[in-house]
J.: 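Let me give you the structure first, and then I'll get to my questions.
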There are 2 protein chains.
Amino acid sequence: MHGASMMAYRPSAQTIAPDMGFGGVRRGQESRTLAGQAVRCRDWIGLLATSGARRRRVTLTDVAAHASVSRATASLVLRESPLVAENTRQRVLASVEALGYVYNRGAASLRMRRTNTVGLVISGLANPFFADLTEGVEEELRPAGYVVLLANTFDDPVHQDTLIRSMMEHQIDGLLIVAAVDSESDFVAPLRDMGVPHMLATRRIRGVEGSYVGPDDDAGARLATQHLLDHGARQIAYFGGPEHGVARIDRVAGMAALLEENTLEPELTWTVPSRVSSSEGYALASKLLKRHPPPEAVICHSDAIAFGLMRALRDADVEIGSACRVIGYDDIEHAQAWSPSLTSVSVAARTMGRRAARMLVERIETRGAAPDESLVLRPSLVVRESCGCTVSPPG
Amino acid sequence: MHGASMMAYRPSAQTIAPDMGFGGVRRGQESRTLAGQAVRCRDWIGLLATSGARRRRVTLTDVAAHASVSRATASLVLRESPLVAENTRQRVLASVEALGYVYNRGAASLRMRRTNTVGLVISGLANPFFADLTEGVEEELRPAGYVVLLANTFDDPVHQDTLIRSMMEHQIDGLLIVAAVDSESDFVAPLRDMGVPHMLATRRIRGVEGSYVGPDDDAGARLATQHLLDHGARQIAYFGGPEHGVARIDRVAGMAALLEENTLEPELTWTVPSRVSSSEGYALASKLLKRHPPPEAVICHSDAIAFGLMRALRDADVEIGSACRVIGYDDIEHAQAWSPSLTSVSVAARTMGRRAARMLVERIETRGAAPDESLVLRPSLVVRESCGCTVSPPG
DNA sequence: GCCTCCCTTTAGATCGATCTAAATCGTCTG
DNA sequence: CAGACGATTTAGATCGATCTAAAGGGAGGC
């Protein structure tokens, strides 16, 4: 196969050698008591009842013994089985409490072949849009009984492959991926091959099939474009965004299509690829402003970029909302506090996270019997001042 | 003990009953082949080699058999033990590749009594400061061989107790906590009792001992205050922040102390508690502006609040940077793109996350032998325009 | 040829839970 | 009173790895 699978089947980088090393001094389970006599760890429990250090963990066997029942019965009690007699149940619960027992999901997972763990591989948490999405995911998974294993790819496809592999080793029940922009088309192959339920969110990757939740970028761009047309703008540009990203491509296409329907052409000069930070937005915008007059209206790839652009416009004494109308994308929290407040296409990151999580859970619980599905969320336009509208201030 | 421990020792809410229910139809491991004959799952492997659905997982035993060695030897190969002969090693690796083996950390964890998993319990990811911190944590833990289990408390102490418990059941090796503002003073008790390495980051909680990494809030406030004094401001106010939060209290104290040393008094009118969003900052500020003239200078509890305040000042036609000087806190990314760009106290969230993670790893790997330590990071002041300075524009 | 010693390999116990299949016990039926 | 039955309980196998303690095998020494 391709590069990634070369080392694909060895335990991933975070290796697994025990920290004592091979052939090193054997630690053993012995220690010396005050009396100077070697005792086995098992004997500690009574001796060091309340001492801080690592005492033997209380297991279900201990609980069972304490309650004078079998381990099987104790297990049934914990899982609230209706099979056990009320009397017995109480006794076991009392022992659980008395011994300070903590359920060991790791052991249970091994037997049950499910970990109640879902992986989230995300391209960058620092982006508020993805942070919101992550909150949504967690919010939805938690009550369903899952815990989130988090990994940040920093938009690096190679790192992403490693992380996906690591997740698989951790036996996640399912994996939610906000893919790195330049992901290979078959980067989910290991998951598919192993039958691990997974789905993509936000970013569609060319060539990757399977379930997906994301925004309708075409519609979002049309929404913004139409609003600008309604304002009488003719020259409309798209500004910023990773060059080969599907999002940018779809949006530019949507914008261009709508303009064409109105016998207009997009301002291609301003369709500039870039990363997504506000500082890069600023740098790029000021460079462009030196060479060209600004277009009548600009749709920005993200709110962050819009912030950078607006700052550049202000520095160049271009009146925002009249001389140049600006619309952002994502509707992050600070959009409303800006001055002028930023009109933005909202795709409800949190909701998207929740939907994606819910779909994934469904796939997990039907054990892959569910057919692939794509959920496309229609964005909405949050109208504020930067497009030239007059609206009541934030709050 | 107290409330939380009442149900403390039962498996946490995300219960553990298998989804087939007790007494339900038994699923069994049987299925029918095309020939209509019942076969045991174990026989599938050859039959369904490439079919998508759940086929039996390849285990180390399979690898060992395929390479004609014992399971023990195969295990040694995976862990890169120098004990195995090169020849054997190659053979095993070939089998690993051939069978598509994936290491099962769950099983290994059970035996090794360590999961290579660290929990991160955080008060709210949507706050960019915490998102940055989280990135830092992940960035540091990953190369050290740990994976992050994430949980968001939304600043709810009760939820926080549940999440900590859940983390313990998942056998995390250590836990990093950005505590909810109103956490009980003994909320880490379960961790301490079980000997789970843990530490607090950012937020110090009254009454909680143990390791901690966080900013020097007193110093941060003094930094900002001194800068404003240097600008000639006399009336200086502190604006926003959760009322009982240690951070706000420390900063107000720092500010007040420095003012006192200069025989000045803080503008207590403006020491207003609030949440941390920009919209609440705006709402609060506009209310205040209707009743009082703004003070000469304001230190805001966060950049978000500063954004809200600045918007309110602008709406009231108060010149920012001269009539009212504004300083934010956290130095989030967008601070520089704002207009005027926001002077802010920087506490380097990402660095803090990294430091915290590193300290935690150290505690884990010394198995709790390390003494408690507190690391206090000195913030710095990033000077921009909102305080009245003239600086070169962003980028 | 026999015994050591080192290098390599391995059988079997173990981690802490769940699950199967069967045992136990009191009650009820014919 | 034997046998069936329903309600509980349990012994023992099992999940997939690691770890211990010991075995196997070849070289070298006497």
Side-chain angles (χ1 to χ4, degrees), chain A residues 11 16-24 26-30 40-42 56-65 67-79 81-89 91-92 101-116 169-171, chain B residues 11 16-18 20-24 26-30 41-42 56-65 67-79 81-89 91-92 101-116 169-171:
Chain A
I16 49 181
D19 48 9
M20 47 188 269
F22 289 93
R26 199 177 309 129
R27 244 187 314 106
Q29 287 199 307
E30 293 186 344
R40 295 206 53 89
C41 186
R42 195 164 286 270
R56 201 178 71 89
R57 281 195 65 108
V58 176
T59 75
L60 196 47
T61 307
D62 300 325
V63 171
S68 318
V69 295
S70 71
R71 196 171 58 250
T73 302
S75 175
L76 290 175
V77 169
L78 290 187
R79 287 175 292 154
S81 159
L83 291 180
V84 304
E86 177 60 20
N87 181 1
T88 317
R89 206 176 74 82
R91 223 169 56 242
V92 172
Y101 169 73
V102 173
Y103 185 63
N104 185 330
R105 262 170 216 282
S109 296
L110 177 57
R111 185 68 235 259
M112 294 200 292
R113 297 150 154 277
R114 89 182 287 207
T115 55
N116 287 294
E169 293 182 356
H170 278 280
Q171 313 294 123
Chain B
I16 49 182
M20 47 188 268
F22 289 91
R26 198 176 311 128
R27 242 185 316 103
Q29 288 198 308
E30 294 186 344
C41 186
R42 196 164 284 271
R56 202 177 71 89
R57 282 194 65 107
V58 176
T59 75
L60 196 48
T61 307
D62 300 325
V63 171
S68 317
V69 295
S70 71
R71 197 171 59 247
T73 302
S75 176
L76 290 175
V77 169
L78 291 187
R79 287 175 292 155
S81 159
L83 290 181
V84 304
E86 178 60 19
N87 180 1
T88 317
R89 207 176 72 84
R91 224 169 56 242
V92 171
Y101 170 73
V102 173
Y103 184 64
N104 185 331
R105 262 170 214 283
S109 295
L110 177 56
R111 184 69 236 258
M112 294 200 292
R113 295 151 155 278
R114 85 182 291 209
T115 56
N116 288 292
E169 292 183 357
H170 279 280
Q171 313 295 124

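Letters A, B, ... are given to chains in the order of the sequence lines, protein chains preceding strands, and every chain is numbered from 1. If you're wondering where the values come from, they're calculated on a predicted model, not measured in any experiment.
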J.: Grab the NE2-P distance between His170(A) and dA17(D) for me, whole Å please.
T.: 14 Å
J.: Over how many whole Å does the gap from Asn104(A) atom CG to dT14(C) atom P extend?
T.: 18 Å
J.: Rounded to whole angstrom units, what separation is found between the CD atom of Gln171(A) and the P atom of dG16(D)?
T.: 9 Å
J.: Please report the distance, rounded to the nearest Å, between CZ in Arg113(B) and P in dA17(C).
T.: 11 Å
J.: Is any side-chain N or O of Arg79(A) closer than 4.0 Å to OP1 or OP2 of dC19(C)?
T.: yes
J.: Each nucleotide N or O in nucleotides 8-12 of chain C that has a protein N or O under 3.5 Å away: list the pair and distance.
T.:
{"residue": "dT9(C)", "atom": "OP1", "partner": "Thr88(B)", "partner atom": "OG1", "Å": "2.4"}
{"residue": "dT9(C)", "atom": "OP2", "partner": "Ala85(B)", "partner atom": "N", "Å": "3.1"}
{"residue": "dT10(C)", "atom": "OP2", "partner": "Ser70(B)", "partner atom": "N", "Å": "2.8"}
{"residue": "dT10(C)", "atom": "OP2", "partner": "Ser70(B)", "partner atom": "OG", "Å": "3.2"}
{"residue": "dT10(C)", "atom": "OP2", "partner": "Thr73(B)", "partner atom": "OG1", "Å": "2.8"}

J.: Once you apply a heavy-atom cut-off of 4.0 Å, does Ala107(B) come out as touching a base, just sugar-phosphate, or nothing?
T.: base
J.: Using a 3.5 Å distance criterion without hydrogens, assess whether the side chain of Arg91(A) forms a donor-acceptor pair with backbone atoms of Ala67(A).
T.: yes
J.: Could you pull out the closest heavy-atom pair between Met112(A) and Tyr103(A), with the gap in Å?
T.: CE-OH, 4.4 Å
J.: Just verifying a value: how many Å separate Asn104(B) CG and Leu110(A) CG, rounded to the nearest 0.5 Å?
T.: 6.5 Å
J.: Is there a side-chain polar atom (N or O) of Arg114(B) under 4.0 Å from OP1 or OP2 of dC15(C)?
T.: no
J.: Using the side-chain contact (heavy atoms from CB on, under 4.5 Å) criterion, which residues pair with Thr61(B)? Sequence neighbours excluded.
T.: Thr59(B), Arg71(B)
J.: Would you mind telling me which of dA17(D), dC15(D), dA17(C) lies closest to the side-chain atoms of Thr59(A)?
T.: dA17(C)
J.: Is any side-chain heavy atom of Val69(B) closer than 4.5 Å to one of Val77(B)?
T.: no
J.: Measure from CG on Leu110(A) to C1' on dC19(C) and round the result to the nearest Å.
T.: 13 Å
J.: Rounded off to whole Å, could you give me the CE-to-P distance for the Met112(B) and dC19(D) pair?
T.: 7 Å
J.: What is the distance from CG of Leu78(A) to P of dC19(C), rounded to the nearest Å?
T.: 13 Å
J.: Using side-chain contact (heavy atoms from CB on, under 4.5 Å) as the criterion, list what pairs up with Ser70(B), not counting sequence neighbours.
T.: Ala72(B), Thr73(B)
J.: To the closest 0.5 Å, what do you measure between CZ (Arg89(A)) and CG (Leu78(A))?
T.: 10.5 Å
